[in-house]
**Student:** 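A single structure is presented below for examination.
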Amino acid sequence: MKTLFLAWQNPLDRTWFPIGRLTFDGTNYQFVYIQGILAAQQQYGLRSLPSFPELDLVYQSPELFPLFANRLLRRSRPDYADFLRWLNIPIHQDDPMAMLAKSGGQRVTDTLFVFPCPEPDENGFYHFHFFAQELLNLSPLNASRISRLQMGEVLRLVGDPENSYDRAALMLCTEDDDLVGYCPRYLSDVGFEVSGQSPCLIDVVVERINMAPAPLQFRLLCHMTVQMPQEERPFLGTMYQPLNALKAAA
C-alpha cells in the first residue's frame, strides 16, 4: 500500500470529506492536503490540522508522521501480535501503511480516519479490506449472526434508503438477508457506481472474524473485489486532487 487518504467526518450529521493524502515511496513519507478540505471549510469551517498547519505545503519525513503513527499500536505493546492477527497481517509484514489501510486508523478521541487508494492487480481487479461498521447499532439477533459466519462466506451489498444519517449507506447482508454491518462510507460511491453498472462486478466475502476480547470495531474483516472499466479508477475525482497542484495551475 503506497497511498492513503485522510478523511474528516462531521460528528453531528456524519458528513465526511477526504482532506489529505499520505504516500510512501519506500524511503520518505509525504503528506499533502487535497481539495476535499476546501469543501469541508466552506460547509463546516474546518481548519488545517495542527500537525500540518499550511494548506499548500508538501510535508516530507523519513519517519511516519505522528498524526498517523499514533493511530497504530506500538510494537512494545503486549497485545501487538493480537492486533496484527485481527488485521490478518503476518508479523513479518507489519508495514505501517498496510496496517493503517486495514484498521482505518480511527480513534475515539477525534473525527479523522484513513482509507487506502488501491492499485489494480494483474487482472485489473481492485481489492479493499475493511472492517464492518455500525456494529453497535445492530440488534442482538444480527450481532450474534456474525459469530456464525464462515471464512470466505459471500456477503451482499444492499442500499439502505431508511438510514436517516446516510442515504448512501451500504448494508452488508448475508445471502439469507441477515444484516451484519455496514460498509465504510468511503466505499459507498465506488460500490453504488459499480453495482449500478453490473452487480457481478463487485464481490464481498468474509476475510476474518475476531471474537472478544478483540474490540468491536475489529469484529468482522471483509474483502471486497471490484472490477472497474479500464479507463476508470477509484478516488480520482476533484476532491482527491492535491491543493498544491491547484495553486500551481492558478
Side-chain angles (χ1 to χ4, degrees), residues 1 4-19 36 71-72 83 86-89 98-118 126-149 151 153-175 177-195 202-226 234-235:
M1 191 57 57
L4 299 173
F5 290 111
L6 178 68
W8 173 82
Q9 185 174 53
N10 183 283
L12 298 179
D13 64 8
R14 300 190 183 184
T15 302
W16 70 275
F17 302 85
I19 63 170
R71 296 169 188 279
L72 297 172
F83 180 61
W86 299 334
L87 302 182
N88 202 27
I89 293 178
M99 290 190 290
L100 282 168
K102 276 197 174 182
S103 70
Q106 199 155 16
R107 304 170 65 184
V108 296
T109 54
D110 65 20
T111 54
L112 301 173
F113 63 92
V114 300
F115 62 93
C117 182
Y126 292 87
H127 299 271
F128 299 89
H129 304 265
F130 61 90
F131 286 96
Q133 310 286 299
E134 310 278 352
L135 300 192
L136 273 175
N137 296 326
L138 295 181
S139 69
L141 186 62
N142 288 108
S144 66
R145 179 68 176 87
I146 295 177
S147 64
R148 302 196 305 275
L149 292 171
M151 305 297 185
E153 184 171 342
V154 174
L155 298 176
R156 298 188 303 111
L157 295 181
V158 181
D160 185 10
E162 297 182 2
N163 189 316
S164 59
Y165 287 105
D166 189 352
R167 298 293 183 183
L170 283 173
M171 299 187 296
L172 291 163
C173 297
T174 64
E175 293 199 309
D177 294 324
D178 287 326
L179 174 65
V180 291
Y182 284 79
C183 271
R185 284 170 176 77
Y186 70 87
L187 285 173
S188 293
D189 290 342
V190 174
F192 270 134
E193 179 181 339
V194 177
S195 295
I202 190 165
D203 294 299
V204 182
V205 299
V206 175
E207 180 174 338
R208 184 178 175 86
I209 303 164
N210 300 305
M211 302 308 296
L216 190 61
Q217 74 254 35
F218 297 136
R219 181 72 78 240
L220 174 57
L221 180 62
C222 302
H223 177 196
M224 175 188 287
T225 304
V226 179
F235 313 129

**Student:** How would you list, by chain and number, every residue that makes a ring-ring contact (aromatic ring centres under 6.0 Å, His included) with Phe115, sequence neighbours excluded?
**Tutor:** Phe5, Trp16, Tyr186, Phe235
**Student:** How far does CD1 of Ile202 sit from OG1 of Thr225, to the nearest 0.5 angstrom?
**Tutor:** 9.0 Å
**Student:** Quick one: closest heavy-atom pair of Cys222 and Val204, and the distance?
**Tutor:**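 Closest heavy-atom pair between Cys222 and Val204: CB-CG1, 4.1 Å.
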**Student:** How far does CG of Leu4 sit from CG of Leu100, to the nearest 0.5 angstrom?
**Tutor:** 6.0 Å
**Student:** Using 0.5 Å steps for rounding, measure from the CG atom of Leu149 to the CD atom of Glu207.
**Tutor:** 13.5 Å
**Student:** What heavy-atom pair brings Val158 and Cys173 nearest, and what distance separates the two atoms?
**Tutor:**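 For Val158 and Cys173, the tightest heavy-atom pair comes out as CG2-SG, 4.0 Å.
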**Student:** With heavy-atom distances below 4.5 Å as the criterion, would you say the side chains of Ile19 and Leu112 are in contact?
**Tutor:**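 They are in contact (side-chain heavy atoms under 4.5 Å apart), so the answer is yes.
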**Student:** Tell me the closest heavy-atom pair linking Leu172 and Ala132, and the distance in Å.
**Tutor:** CD1-CB, 3.8 Å
**Student:** For Phe128 and Tyr126, which heavy atoms make the closest approach, and how far apart are they?
**Tutor:** CE1-CB, 4.0 Å
**Student:** Using ring-ring contact (aromatic ring centres under 6.0 Å, His included) as the criterion, list what pairs up with Phe218, not counting sequence neighbours.
**Tutor:** Phe83, Trp86, Phe131
**Student:** Supply the atom-to-atom distance Leu179 CG to Leu135 CG, rounded to the nearest 0.5 angstrom.
**Tutor:**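 Atom-to-atom, Leu179:CG and Leu135:CG are 9.0 Å apart.
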**Student:** Which residues pass the salt bridge (charged side-chain N to carboxylate O under 4.0 Å, His left out) test with Arg208, sequence neighbours left out?
**Tutor:** none
**Student:** Nearest 0.5 Å, what's the CD-CG distance between Gln133 and Leu187?
**Tutor:**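 It is 9.5 Å, given to the nearest 0.5 Å.
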**Student:** Please examine the side chains of Leu155 and Thr174, heavy atoms only from C-beta on, and report whether any two atoms are closer than 4.5 Å.
**Tutor:** yes
**Student:** Under the criterion side chain to side chain contact (heavy atoms under 4.5 Å, CB included), I'd like the reasoning laid out for Val206 against Val180: C-alpha separation, chi angles, the key distance, then a yes or no.
**Tutor:** CA-CA 11 Å; Val206 175; Val180 291; over 6 Å; no
**Student:** Applying side-chain hydrogen bond (donor to acceptor under 3.5 Å, both in side chains), can you list everything that pairs with Arg71, at least two apart in sequence or on another chain?
**Tutor:** Asp110
**Student:** Hey, what do you get for CD1 (Ile89) to CE (Met99), rounding to the nearest 0.5 Å?
**Tutor:** 6.5 Å
**Student:** Determine, stepwise, if the pair Met211 / Arg219 fulfils side chain to side chain contact (heavy atoms under 4.5 Å, CB included).
**Tutor:** CA-CA 6 Å; Met211 302 308 296; Arg219 181 72 78 240; 3.8 Å; yes
**Student:** If every non-hydrogen atom of Leu157 is compared with every non-hydrogen atom of Cys183, which pair is closest and at what distance?
**Tutor:** CD2-SG, 3.5 Å
**Student:** Between the side chain of Gln9 and the main-chain N/O of Arg14, is any donor-acceptor distance below 3.5 Å?
**Tutor:**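 The answer is yes, because a donor-acceptor pair under 3.5 Å joins these two groups.
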**Student:** Under the side-chain hydrogen bond (donor to acceptor under 3.5 Å, both in side chains) rule, collect the residues that match up with Asn142, sequence neighbours excluded.
**Tutor:** Ser139
**Student:** Walk me through it: do Asp203 and Val154 pass the test side chain to side chain contact (heavy atoms under 4.5 Å, CB included)?
**Tutor:** CA-CA 8 Å; Asp203 294 299; Val154 174; 5.9 Å; no
**Student:** Of all residues at least two apart in sequence or in a different chain, which pass the ring-ring contact (aromatic ring centres under 6.0 Å, His included) check with His223?
**Tutor:** His127, His129
**Student:** Pair Leu221, Leu87 - check side chain to side chain contact (heavy atoms under 4.5 Å, CB included), show working.
**Tutor:** CA-CA 7 Å; Leu221 180 62; Leu87 302 182; 5.7 Å; no
